[in-house]
Amino acid sequence: MLLEATNLNTYYGESHALQDMSLNVEDGEVVALLGRNGMGKSTTMKTIMGLLKPRSGKVIFDGRDITGLRPHKVARAGIGYVPEERRIFPNLSVLDNLMMGVKGGKVDTSNANIWTIEKIFERFPFMRDRTNQKGALLSGGEQQMLTIGRTLMGNPRLLMVDEPTEGLSPVMVKEVRDVLAAICKSGISILLVEHNLKVAMSLADRVYLMGKAHLGFTGTLKELDANPEMRAKYLEI
Ligand SMILES: Nc1ncnc2c1ncn2[C@@H]1O[C@H](COP(=O)(O)OP(=O)(O)O)[C@@H](O)[C@H]1O
Ligand SMILES: [Mg+2]
């Protein structure tokens, strides 16, 4: 198992935002975390990433207990995080934005799947043409791509992406979908929060459905397909 989050209990003040939330991601898997607004999907990712400290529960990554580690340490352990609020550096060039994603420490250069600037440019050709342009001048979809590209520069083993297609045009939605499919193919596991069910279903091997603060359902796509009650209960249909 690559990621094992078990019985996470996370609070905002007295508000109990995660109640025994658990989920796993295996090596090479795309796992979708779905549910209505305000259920705790982003909170789950932030807790895994170390941005929120759980009161109890465990996060094991690649066999190592990373519960409560600071975000940069979690990143260094191999988890890349693309938050809901796209965070590009608006005053930095496209190239400098990408370079911000390079982590200190050593990169395993023997790995043929390693992400380099050249590979990023191959995957996102628009960035090559606009290396010196400021991030702020990119469209919303391009900024999302830049955030994903920057995160890939850290060569994560697991990419957590929170609502990557939100607010994008249909053309850009497809682009982002295809990029995520390519990332998975390159050997990176993905934990995906996504409101666009079609996108989520076209990528995911397994799904977790969240009810308020807790896990509601987990299964394969086939199991979810065969379970209209669960879809009605936990998804907006
Ligand atoms: N910074 C915060 N302070 C207090 N409550 C928060 C904060 N962020 C989120 N919440 C609350 O925690 C719950 C889960 O939020 P969130 O994880 O963002 O849900 P989702 O990503 O599933 O839409 C919601 O009720 C939300 O209002
Ligand atoms: Mg959210």
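Since the structure is predicted, the reported quantities are computational estimates derived from the model, not experimental observations. Numbering of ligands and ligand atoms starts at 1, following listing order.
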Exercise. Does one side chain, of Ser189 or Glu26, offer a donor that lies under 3.5 Å from an acceptor on the other?
Worked result: no

Problem set entry | Short N-O contact, Lys58 and Asp65, less than 4.0 angstrom | yes

For this session: Write out the protein residues near ligand 1, meaning a non-hydrogen atom under 4.0 Å from one of its atoms, in order of chain and number.
Result: Tyr12, Arg36, Asn37, Gly38, Met39, Gly40, Lys41, Ser42, Thr43, Lys212

Exercise. How does the hydrophobic cluster around Leu92 look, that is, which other residues are in it when side-chain heavy atoms under 4.5 Å mark a link?
Worked result: Phe89, Met100

Problem set entry | Donor-acceptor side-chain pairing of Thr43 and Thr10 below 3.5 angstrom | no

Exercise. Which atom, counting only N, O or S, brings Glu84 closest to the Mg ion (ligand 2)?
Worked result: OE1

Exercise. How about Ser42: does one of its N, O or S atoms come closer than 2.8 Å to the Mg ion (ligand 2)?
Worked result: yes

For this session: For the pair His214 and Tyr234, name the ring-plane relationship: parallel under 30°, tilted 30 to 60°, perpendicular over 60°.
Result: perpendicular

Exercise. Hey, is Arg157 close enough to Asp27 for a salt bridge, meaning N to O under 4.0 Å?
Worked result: yes

Exercise. For residues Asn132 and Ser93, is any side-chain donor paired with an opposing acceptor at under 3.5 Å?
Worked result: no

